[in-house]
Amino acid sequence: MAKKDTPQQPEEELSSGDSLKLDLYFWLQALVMALVALILVFTLVGRIIGVDGNSMYPTLHHKDMLLLQSIGYEPRQGDVVVLTKAFDTVTDPIVKRVIAVGGQTVEIDYGTGTVAVDGEVLDEPYINEAMIEPYYENLTSLTVPEGSIFVMGDNRNHSSDSRYVALGVVDERYVLGRALLILLPFGHFGPIPAGAQTV
């Protein structure tokens with residue numbers, strides 16, 4: 001006995017209006033997911049902060065926007081960090097490079113324009129120009145206390161940093177986070193590489 005062919009249900013076709021609504025729904029869903037992911041990243045991992053001034057030139061420029069790693073970060077030699085320690089008239093966060101961490105000894109030779117950590121002269125191609133003796137207190141040697149960091153700007157001759165007694169060594173609790181990435185302007189977009197390390 002031959003099987004009867006079952007009648008096929010006609011396929012429903014979406015009208016152009018329904019198709020457009022479906023496309024918009026999927027795009028909106030993707031956009032919401034992307035926004036949720038960004039909010040989670042900035043809430044749980046880091047934050048965005050702007051550069052004010054030229055003390056980190058040429059690594060960073062005035063008004064660059066940076067992505068910071070905040071959660072779970074411990075300062076390491078060579079990292080570019082954002083600090084919240086106020087000094088003199090400075091009350092906003094500042095950006096500097098970690099030259100030494102707790103237990104390390106920093107020696108600054110203004111004659112040769114070099115910085116040594118634990119007796120090893122740092123290779124610092126990122127600095128703007130040869131360092132000269134600053135107008136403020138002439139610090140030449142220091143052992144960094146545990147739990148603190150010694151920081152300097154890459155634009156050494158135009159940076160108030162740990163050489164300046166008003167700032168001095170910085171307690172790690174003042175570190176807001178490590179600068180990972182330049183977000184804006186797009187012409188400067190990219191990762192911020194770590195500097196010289198002796199360990």
Side-chain angles (χ1 to χ4, degrees), residues 27-102 104 106 115 117 122-129 144 147-164 167-199:
W27 277 107
L28 186 61
Q29 192 176 33
L31 181 62
V32 168
M33 293 299 289
L35 285 173
V36 168
L38 280 174
I39 290 168
L40 286 174
V41 165
F42 293 140
T43 302
L44 301 176
V45 179
R47 61 183 73 193
I48 296 175
I49 197 160
V51 175
D52 184 14
N54 295 302
S55 72
M56 283 299 293
Y57 181 84
T59 305
L60 302 174
H61 299 76
H62 180 56
K63 295 193 176 180
D64 280 353
M65 297 301 292
L66 311 177
L67 173 64
L68 302 188
Q69 172 194 355
S70 298
I71 302 298
Y73 172 69
E74 290 184 19
R76 293 180 310 165
Q77 186 184 28
D79 288 350
V80 174
V81 296
V82 177
L83 312 169
T84 58
K85 183 179 178 183
F87 65 101
D88 285 349
T89 58
V90 179
T91 55
D92 294 330
I94 59 171
V95 186
K96 301 294 176 188
R97 187 178 298 275
V98 179
I99 300 301
V101 297
Q104 292 185 308
V106 179
V115 177
V117 176
L122 300 180
D123 178 23
E124 300 185 290
Y126 44 78
I127 64 172
N128 185 42
E129 59 190 359
V144 182
S148 297
I149 55 176
F150 186 95
V151 297
M152 297 175 77
D154 289 355
N155 194 5
R156 296 281 158 82
N157 298 326
H158 303 280
S159 173
S160 295
D161 47 44
S162 288
R163 296 171 292 169
Y164 184 36
L167 179 62
V169 294
V170 179
D171 190 301
E172 289 182 4
R173 290 173 290 187
Y174 287 110
V175 177
L176 197 58
R178 175 189 172 199
L180 295 175
L181 189 72
I182 301 172
L183 296 174
L184 294 171
F186 291 121
H188 298 166
F189 180 83
I192 301 168
Q197 299 178 0
T198 57
V199 289

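Count residues from 1 along the sequence.
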Rounded at 0.5 Å granularity, tell me how far CD1 in I192 sits from OG1 in T59. 8.5 Å
So E124 and M152, side-chain contact (heavy atoms from CB on, under 4.5 Å) or not? Walk me through it. CA-CA 12 Å; E124 300 185 290; M152 297 175 77; 5.9 Å; no
Output a table of donor-acceptor pairs, distance under 3.5 Å, between side-chain atoms of residues 95-102 and any protein atom two or more places apart or on a different chain; print 'none' if there are none.
residue	atom	partner	partner atom	Å
K96	NZ	S55	OG	3.0
K96	NZ	S159	OG	2.9
K96	NZ	S160	O	3.3
R97	NE	D154	OD1	2.8
R97	NE	D154	OD2	3.4
R97	NH1	G78	O	3.0
R97	NH2	D154	OD2	2.7

Answer whether the closest heavy-atom distance between the side chains of H61 and D64 falls below 4.5 Å. yes
Of all heavy-atom pairs linking L176 and S70, the shortest is O-OG, 3.1 Å
So, do V117 and F150 sit near enough that their side-chain heavy atoms are less than 4.5 Å apart? no
T84 side-chain N/O to Y174 backbone N/O, donor-acceptor pair under 3.5 Å: yes
What heavy-atom pair brings S162 and V170 nearest, and what distance separates the two atoms? OG-CG2, 4.4 Å
Spacing of CG belonging to L180 relative to CG belonging to L68, to within rounding of 0.5 Å: 7.5 Å
Determine whether more than 12 heavy atoms belonging to other residues, nucleotides or ligands lie under 6.0 Å from atom OH of Y57. no
Exceeds 12 heavy-atom contacts within 6.0 angstrom, atom CD of E74: no
Smallest heavy-atom separation, D161 atom then R163 atom, equals OD1-NE, 2.8 Å
Gap separating the CE atom of M65 from the CZ atom of F186, nearest 0.5 angstrom: 11.5 Å
Do side-chain atoms of D79 reach the backbone of R178 as a donor and acceptor pair under 3.5 angstrom? no
Any donor-acceptor pair under 3.5 Å linking the side-chain atoms of N54 with those of H62? no
Is it the case that the side chain of R47 and the backbone of L66 share a donor-acceptor pair, with hydrogens and angles ignored and the cut-off at 3.5 Å? no
Have Q77 and T198 got a donor and an acceptor in their side chains that come within less than 3.5 Å? yes
Under 3.5 Å, is there a donor-acceptor pair between the side chain of D88 and the main chain of V90? no
Could you check whether any side-chain heavy atom of V81 comes within less than 4.5 Å of a side-chain heavy atom of L83, counting everything from C-beta outward? yes
Could you measure the distance from the CG atom of N155 to the OH atom of Y126? Nearest 0.5 Å is fine. 13.5 Å
Determine whether V106 and V115 make a side-chain contact, defined as any pair of heavy atoms from C-beta on separated by less than 4.5 Å. yes
CD1/I49 to CG/L67 distance, rounded to the nearest 0.5 angstrom? 11.5 Å
Atom CG of N157 and atom CD1 of I127: how far apart are they, to the nearest 0.5 Å? 8.5 Å
Output, in order, the C-alpha distance, side-chain angles, deciding distance and verdict of side-chain contact (heavy atoms from CB on, under 4.5 Å) for F189 and L184. CA-CA 6 Å; F189 180 83; L184 294 171; over 6 Å; no
Could you walk me through whether N128 and R156 pass the side-chain contact (heavy atoms from CB on, under 4.5 Å) check? CA-CA 7 Å; N128 185 42; R156 296 281 158 82; over 6 Å; no
Answer yes or no: does atom CG of D171 have more than 12 heavy-atom neighbours from other residues, nucleotides or ligands under 6.0 Å? yes
